[in-house]
Amino acid sequence: MKKILIINGHPNHESFNFAIANEYHEGVMNSGSQVETITIADLEFNPNLKFGYQKRTELEPDLLAAWQKIQNADHLVWIHPVWWGGLPAITKGFIDRLFLPGMAFQYRENSVWWDKLLKGKTAHIITTLDQPGWYYRLFFGRPSVNQLKKSTLEFCGIKPVKVTYIGIVKTADDVQRKKWLQKVYNLGLQNK
């Protein structure tokens with residue numbers, strides 16, 4: 001049985017991202033697989049990696065619990081909006097504080113190479129936009145996807161990482177939003 005972890009990176013509980021996370025969760029539940037959720041906005045932690053990698057800041061209990069969920073999962077589903085081309089600050093802070101050397105990856109001594117400590121996991125990024133996904137890819141180079149997919153998840157050994165764009169959210173009517181929610185439910189049902 002596949003163990004799926006939904007990581008919701010939107011700070012607002014009333015956002016469409018929360019509806020997306022709920023639909024995906026329902027789909028997984030109806031597939032018979034196991035599912036857990038991390039709602040980053042509900043965690044108590046300092047998102048600032050104050051000392052970089054020079055000095056370790058102790059992880060708060062919520063981050064320790066989140067890390068345990070990440071370690072236990074086979075498949076990570078990241079749900080977040082794109083703001084100014086990137087991730088919400090709280091999501092970036094979550095990654096900065098948790099995806100650390102010795103946990104998610106390990107630099108090799110006297111080498112440009114590193115060990116990927118999260119191999120064997122897969123991921124799916126579901127991101128909302130106020131522009132079409134093709135426009136975000138073509139004209140902006142999809143910076144949030146590059147950051148999360150390539151520079152974080154794949155860097156740590158998580159492969160493959162699929163991406164689903166949902167947009168244009170700001171102008172979508174209820175009919176379009178229901179179509180997107182059905183699509184996300186089906187992704188959850190198929191454990192994708």
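- With sequence neighbours excluded, no residue forms a salt bridge (charged side-chain N to carboxylate O under 4.0 Å, His left out) with Asp74.
- In the hydrophobic cluster analysis, where Ile, Leu, Val, Met, Phe, Trp and Tyr join through side-chain heavy atoms closer than 4.5 angstrom, Tyr136 is grouped together with Trp134.
- With sequence neighbours excluded, the residues satisfying side chain to side chain donor-acceptor pair (under 3.5 Å) with Gln190 are Lys192.
- Applying the side chain to side chain donor-acceptor pair (under 3.5 Å) test to every pair with at least one member in residues 104-122, sequence neighbours left out, gives these pairs: His75-Thr122, Arg108-Asp115.
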Atom pairs and distances, side-chain donor-acceptor, residues 46-54, under 3.5 Å, sequence neighbours left out:
{"from": "Asn46", "atom 1": "OD1", "to": "Asn48", "atom 2": "N", "distance (Å)": "2.9"}

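- Alongside Met1, the hydrophobic cluster contains no other residue (criterion: ILVMFWY side chains under 4.5 Å).
- Among residues two or more places apart in sequence or in another chain, the salt bridge (charged side-chain N to carboxylate O under 4.0 Å, His left out) test is passed with Arg97 by Glu60.
- Take Asp62 and apply the side chain to side chain donor-acceptor pair (under 3.5 Å) test, not counting sequence neighbours, and it matches no residue.
- Residue pairs that meet the side chain to side chain donor-acceptor pair (under 3.5 Å) test with at least one member in residues 31-45, sequence neighbours left out, are His13-Asp42, Ser31-Asn191, Ser33-Asn191.
- Residues that satisfy the side chain to side chain donor-acceptor pair (under 3.5 Å) test with Tyr165, not counting sequence neighbours, are absent from this structure.
- For the atom pair CG of Leu76 and CG of Leu5, the computed distance is 5.5 Å after rounding to the nearest 0.5 Å.
- The salt bridge (charged side-chain N to carboxylate O under 4.0 Å, His left out) test applied to Lys92 returns Asp96, not counting sequence neighbours.
- For the residue pair Asn22/Glu26, the side-chain donor-acceptor check at 3.5 Å is not satisfied.
- When ring centroids are compared, Trp67 and Phe94 stay outside the 6.0 Å threshold.
- Under the rule for a side chain to side chain donor-acceptor pair (under 3.5 Å), Thr152 has no partner lying at least two apart in sequence or in another chain.
- Counting only heavy atoms from C-beta outward, the side chains of Leu129 and Tyr135 never approach each other to under 4.5 Å.
- A donor-acceptor pair under 3.5 Å is absent between the side-chain atoms of Asp130 and the main chain of Ile168, judged by distance alone.
- Through direct or indirect side-chain contacts shorter than 4.5 Å among Ile, Leu, Val, Met, Phe, Trp and Tyr, Ile166 is connected to Ile4, Ile6, Phe16, Ile20, Tyr24, Val28, Met29, Val35, Val77, Ile79, Ile126, Val169, Trp180, Leu181, Val184, Leu187.
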